[in-house]
Amino acid sequence: MHEWALAESVVLTVLRVAEERNAARVLRVRIKLGELQQVEEEIFSTALRELSKNTPAEDAEFSLAREPAVLKCNRCSHEWKVERDKLKPEEAELIHFLPEAAHTYLRCPRCGSPDFAIESGRGVWIESVELG
Amino acid sequence: MHEWALAESVVLTVLRVAEERNAARVLRVRIKLGELQQVEEEIFSTALRELSKNTPAEDAEFSLAREPAVLKCNRCSHEWKVERDKLKPEEAELIHFLPEAAHTYLRCPRCGSPDFAIESGRGVWIESVELG
Amino acid sequence: MREAEKQLSGVRRVVCVGSGKGGVGKSLVSATAALLLSQRSRRVGLLDLDFYGPSAHLILGAWDLMPTEDRGVVPPEIHGVRLMSIAPYIGEGPSALRGSDATHAMLELLAITRWGELDLLLVDMPPGTGDEILDVVKFIPAAEWLVVSTPSKLSIQTVRRLLLLLRETGSKIMGAIENMAEGEACVEEFCRAEGVQFLGSVPRDPKVERAIGRPELLLRTEFARRLEAIVRKLK
Amino acid sequence: MREAEKQLSGVRRVVCVGSGKGGVGKSLVSATAALLLSQRSRRVGLLDLDFYGPSAHLILGAWDLMPTEDRGVVPPEIHGVRLMSIAPYIGEGPSALRGSDATHAMLELLAITRWGELDLLLVDMPPGTGDEILDVVKFIPAAEWLVVSTPSKLSIQTVRRLLLLLRETGSKIMGAIENMAEGEACVEEFCRAEGVQFLGSVPRDPKVERAIGRPELLLRTEFARRLEAIVRKLK
Ligand SMILES: Nc1ncnc2c1ncn2[C@@H]1O[C@H](COP(=O)(O)OP(=O)(O)O)[C@@H](O)[C@H]1O
Ligand SMILES: Nc1ncnc2c1ncn2[C@@H]1O[C@H](COP(=O)(O)OP(=O)(O)O)[C@@H](O)[C@H]1O
Ligand SMILES: [Mg+2]
Ligand SMILES: [Mg+2]
Ligand SMILES: [Mg+2]
Ligand SMILES: [Mg+2]
Ligand code: NI
Ligand code: NI
Ligand SMILES: [Zn+2]
Ligand SMILES: [Zn+2]
C-alpha cells in the first residue's frame, strides 16, 4: 500500500511538467516499474487514477511497463538479472520499500560482492509525458 | 614532473591490455589529456617513451589529444567549461595534482554550488590501443 | 520525480543535526532533542540519514519497530517521536552503499514517509560532507542546520569545512553546540571567529551509555538536562 | 588505468585502520601507530583516506608540508612517517565530494604517490562502509584490516556491519582494538562473539588533546604507551 506514495510522486512530477510547459491537459504518461521494487500494479494504477482526479492529468492514460532488474558488480563487472522468485519473501518485502536494501541481501552470483550497481529496474520511473 | 607517474599508469595499462590479448607489439595508443588536470605534454611524452623502452610498447605511437573540461552542476544543472586562464595559478597547480580539488576551488558560475560533476576532461584517459 | 516536498508539506521546520566529524554526538543530540521536544508537546519527527551507522533506533530503543504501510509509510512513534530510518530495512546487516545509492535511498525515504503534521523534523546526519549533505542542501533547501562539535582540534577543523559548505550553498545555520565539553571554551571561541551563534555546551556524561535504548533514563541524565536548556532556546 | 599496484609494489604490507563508526579514534590510532613503528625502525607510510575530515596531518603537526614532485609525488616525511593526504591539496577549504569523486581522488593518490620501500603502509579510513571502503577492498585486495571500536553500543553495532562486509568480501581482518576503554570489556566480548581477534584496550587519555600536532608529546602519553603494547604484537 505504499504504492500510493509512489503514485503521488509520479502525479506530482507529471503535474509539474504540465505546468512548466503550460499544458492544459496531460494525455498520456508512460511509466516503468522496476522489477527490483515489485510495485503492485493494480494498487498503483488505482492510486494514479484517484490522485489525478480534478487535475490536468484526470483523463490521462497511464501505461505501465515492467523493466527487468539488472545488477552489475562493481568488483568483477559481472552483470545479472534478479530473479524475482529466487528472493526470500521477507527480503523481497524490504527491498520493495527500499530498493537499496538490495545491497544488504543480494550478492554478485560470481564473486559474492555486495558492491554492485543497480543498472536498471530499480524503482518507479516516468519514461515520457504527452501533453495536450 | 608527476607526469611520470601518470605516464607510468598509462604504460602499465597498455602492457596489461597487450598481454591479455596475447599481442606481441603495441602499434598505437590514443590518449586524452583532460584540460582540468593540465598535464604537461612534453614531459608526459618523454615519460611515455622512456617507460615503454624494452617493452612491447617500445615502438608504439602515442598520440595525445586535449579534451576540454566540462563541469555540470548537480544543483541547477548548468553546464560550463573550465577556462584555463581564469584559474588562479596556485589553484590550478593543486587541481593539476588532484582534479577533485576542483570541488574546493571552483564553483558553478550560475548558482555558486561546489556540488558539480566533472563530465569530461578530468584527467588522463586511454581512448584506444592498437595491437600488432 | 520522488519529490520531498509533498511529504514534508505538513512539516513546519526541518532541522539537520550535522557536523562533518563523526562521533561528536550528532545522533545522541538529535534523538535526545527529539525526546525533549516531544515532552514539551511538540509534534516531532526524527529522520536518521546515517545509512552506514544508523543509531536513532538504538538510542530510542526502537530496534524492532517497523513503519506501517498506509498510503505510504507511516513512521512508528516512540515516546511521541515519529522515527524513520534505514534500520528497519537493513536490520543488522552490512550496508554497502556507494554515494549514488545513498542519494537514491534518501529520496526514496523522503518520497514514501508520511510525516503528517509536525512542528519539527530533526534530521540526524552522517559524518562527512558528501552525498547526503549535498542532497539535503539540494532537495530540502529550507533545512536549517544545527552543528555539533566536540572541543577537539580534530573536530573543529572538520566542522569548519562543513560550515564553509553550508555558507556557500546559502543554507541557514542556526548555531553550534559543544558536546563532550571539557573545561576550555574551544567551540565558543571558534563560533565567535566564524560568526556562528554559539548555542551552549553539554558535558561528557558517563551515565549516557547505560541510557542508550532507554529513553526515560536518557531524559533523566545530566546530558539531557543540559541539552534541554539549549533546545528551549530553539523554541 | 591508474593502477595502485605499481606504486605499492615496494610496500610489504598494507594495514587499513577502519571502524565504520566515526570518532572512535581511527586517526589517532593510525597516526600514533605509525609514529611508534617508525621509532622501532620500521619504514612506515600513512595514507589518510578521509577526504572530508583529514586528520593525520593535524595529529602529526604537518599542516604545511607539501609532497614534492619527482617522477610522481613523494610524500613528505615527518618523524620518519611518509604521509599522504588530501589535505595539502584542499587546504582548509570545504570538501564537497560525491562518492564517485572520492573514488577518483583515491585512485589518483594511489597512482601518483611514490611510497618507495615500506615495511608497512597504514591507511586511515573514513567512517561509513561506502565508496572508500568498497574501493580499498576492490583495488587493494591484499589490505589487512585493523578495526577500532569504543565500548559504546552505538560503535559496536556499526563495527559489526563493517566486519560483515569485510568477511563477505574475503578481506583479511587482523583484529580489533578497543579505544577509549571504560571499565567493562565490551569490545573483547564482542570480538569473542564475532570470532575476531581482540588485540587489546587503550584507555581514554585526557592528555591526548594537548598532544595533537606534537608527535614527541603524543609518543609520551599513556595512550601511546598502551598502544605500543598492541602495535608490538603486530610485529
Ligand atoms: N555528552 C556525552 N556524554 C557521554 N557520551 C556521549 C556524549 N555524547 C555522545 N556520547 C557518546 O559518544 C559516541 C558518539 O555519539 P554519537 O551520537 O553516536 O555521535 P555521531 O552521531 O556524531 O557519530 C556514542 O557512543 C555516544 O553514546
Ligand atoms: N584514547 C583516547 N583518549 C582521549 N581522546 C581520544 C582517544 N582516542 C581518540 N581521542 C579523541 O577522540 C576524537 C576522535 O578521534 P579520531 O582519531 O579523530 O577518530 P576517527 O578518526 O575515528 O574519527 C578526537 O578528538 C581524538 O583526539
Ligand atoms: Mg550500488
Ligand atoms: Mg562531483
Ligand atoms: Mg550518528
Ligand atoms: Mg579520522
Ligand atoms: Ni507497498
Ligand atoms: Ni605535474
Ligand atoms: Zn562480482
Ligand atoms: Zn549551479
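In what follows, every chain begins at residue 1, and chains take the letters A, B, ... in the order their sequences are listed.
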Looking only at non-hydrogen atoms, find the nearest pair between B:Tyr105 and D:Tyr89 and report the distance. OH-O, 2.7 Å
Any side-chain heavy atom of B:Arg122 sitting closer than 4.5 Å to one from D:Glu108? yes
Enclosure of D:Arg210 CZ (heavy-atom neighbours >12, cutoff 6.0 Å): no
Tell me whether D:Arg71 is salt-bridged to B:Glu50, with the criterion being a basic N under 4.0 Å from an acidic carboxylate O. no
How far apart are the closest heavy atoms of D:Ala111 and B:Ser9, and which atoms are they? CB-OG, 3.7 Å
The interface call for D:Pro67 against chain B, heavy-atom contacts under 4.5 Å, is neither
If you count every heavy atom of other residues, nucleotides or ligands that lies below 6.0 Å from B:Arg66 atom CZ, does the total exceed 12? yes
Kindly compute the distance separating CZ (D:Arg98) from NE2 (B:His103), expressed to the nearest 0.5 Å. 9.5 Å
Does atom CD of B:Glu19 have more than 12 heavy-atom neighbours from other groups under 6.0 Å away? no
Euclidean distance, D:Met106 CE relative to B:Glu100 CD, rounded to 0.5 Å: 12.5 Å
If you count heavy atoms of other groups shown closer than 6.0 angstrom to CD of D:Glu216, is the number above 12? yes
CG (D:Asp101) and CZ (B:Phe116) are apart, to the nearest 0.5 Å, by 8.0 Å
Pairwise distance CZ(D:Arg114) to CH2(B:Trp4) - rounded to 0.5 angstrom: 10.5 Å
Under 4.5 Å, counting heavy-atom pairs only, tell me which of D:Thr113, D:Ile90, D:Leu109 racks up the most with chain B. D:Ile90
When rounded to the nearest 0.5 angstrom, what distance separates OG1 in B:Thr104 from CG in D:Leu97? 6.5 Å
